[in-house]
Amino acid sequence: MTRLDTLAPAGREPATAAACCALAKTPVSVAESERLAPIFKALGDPVRLRLASLIAAAPEVCVCEISPLFELSSGTISHHLKTLREAGLVGSERRGTYVYYWIEPEVLGSLSALLAVDCC
């Protein structure tokens with residue numbers, strides 16, 4: 001029994017090596033937690049989570065296609081997109097008067113690997 005095993009809530013078995021996601025199998029390093037926490041924080045807002053989902057559903061999305069899907073001002077949408085961009089979850093490129101966004105697959109891959117379930 002390890003020191004961590006003693007932290008299991010009363011009446012509940014401590015986690016075992018048979019845990020079914022990467023998060024439960026290997027503790028996250030300090031560096032990895034500092035890299036991933038801002039991404040999870042950015043996704044912690046319902047508008048940003050929806051924005052990320054819409055952007056991930058296509059190779060790239062113009063802000064002109066995103067804005068009408070929300071009952072928010074363009075400034076508010078821009079703020080949320082900036083937060084996603086600063087977290088590294090989306091990339092962007094200005095083309096004329098519009099900005100196009102795409103999901104950063106490496107970042108999604110890191111989140112997926114951490115939360116991946118690999119059991120029954």
Side-chain angles (χ1 to χ4, degrees):
M1 182 177 265
T2 68
R3 186 180 74 75
L4 291 176
D5 291 334
T6 62
L7 299 177
R12 192 169 149 213
E13 286 295 312
T16 66
C20 58
C21 75
L23 182 62
K25 288 183 179 181
T26 307
V28 177
S29 70
V30 172
E32 191 71 353
S33 66
E34 289 173 352
R35 185 178 76 80
L36 294 175
I39 300 164
F40 280 111
K41 184 176 180 179
L43 290 172
D45 180 272
V47 172
R48 290 192 292 268
L49 180 59
R50 187 163 173 234
L51 281 168
S53 175
L54 290 167
I55 294 167
E60 65 179 19
V61 181
C62 177
V63 71
C64 64
E65 297 169 306
I66 296 171
S67 295
L69 302 175
F70 294 86
E71 293 183 13
L72 299 169
S73 71
S74 60
T76 300
I77 295 293
S78 292
H79 166 76
H80 286 301
L81 289 168
K82 177 183 176 189
T83 301
L84 291 173
R85 200 173 52 249
E86 287 175 347
L89 192 58
V90 299
S92 66
E93 177 181 75
R94 177 171 291 283
R95 297 182 199 154
T97 58
Y98 296 110
V99 179
Y100 289 79
Y101 292 88
W102 58 87
I103 206 76
E104 292 292 353
E106 306 81 30
V107 176
L108 265 188
S110 295
L111 297 177
S112 295
L114 181 66
L115 300 174
V117 176
D118 60 358
C119 69
C120 49

Considering only residues two or more places apart or on different chains, which pairs with a residue in residues 64-74 satisfy side chain to side chain donor-acceptor pair (under 3.5 Å)? Ser73-Thr76
Heavy-atom pair with the smallest gap, counting every atom of [X] and [Y]:
{"X": "Ala87", "Y": "Ala42", "answer": "CB-CB, 3.8 Å"}
{"X": "Val28", "Y": "Ser33", "answer": "CG1-N, 3.5 Å"}
{"X": "Glu104", "Y": "Val90", "answer": "CG-C, 3.9 Å"}
{"X": "Leu108", "Y": "Ala56", "answer": "CD1-CB, 4.5 Å"}
{"X": "Val107", "Y": "Gly88", "answer": "CG2-O, 3.2 Å"}
{"X": "Ile55", "Y": "Val61", "answer": "CA-CG2, 4.0 Å"}

Phe40 atom CZ, neighbour heavy-atom count above 12 within 6.0 Å: yes
Applying side chain to side chain contact (heavy atoms under 4.5 Å, CB included), can you list everything that pairs with Arg95, at least two apart in sequence or on another chain? Glu60, Glu93, Tyr100
Name all pairs fulfilling the salt bridge (charged side-chain N to carboxylate O under 4.0 Å, His left out) condition that reach into [range], sequence neighbours left out, sorted by first residue then second.
{"range": "residues 27-42", "value": "Glu32-Arg35"}
{"range": "residues 76-85", "value": "Lys82-Glu86"}
{"range": "residues 106-116", "value": "none"}

Atom pair [atom1]/[atom2] of [X] and [Y] - distance to nearest 0.5 Å:
{"X": "Leu69", "Y": "Leu54", "atom1": "CG", "atom2": "CG", "result": "6.0 Å"}
{"X": "Leu84", "Y": "Leu49", "atom1": "CG", "atom2": "CG", "result": "9.0 Å"}
{"X": "Leu43", "Y": "Arg48", "atom1": "CG", "atom2": "CZ", "result": "8.5 Å"}

Could you check Leu114 against Leu111 for side-chain contact (heavy atoms from CB on, under 4.5 Å), going step by step and ending with a plain yes or no? CA-CA 5 Å; Leu114 181 66; Leu111 297 177; 5.7 Å; no
Carefully, step by step, assess Tyr101 and Leu51 under the rule side-chain contact (heavy atoms from CB on, under 4.5 Å). CA-CA 10 Å; Tyr101 292 88; Leu51 281 168; over 6 Å; no
Apply side-chain contact (heavy atoms from CB on, under 4.5 Å) to residues Leu36 and Ser110 and explain how you reach the verdict. CA-CA 8 Å; Leu36 294 175; Ser110 295; 3.9 Å; yes
Going by heavy atoms in the side chains, are Leu81 and Ile77 under 4.5 Å from each other? yes
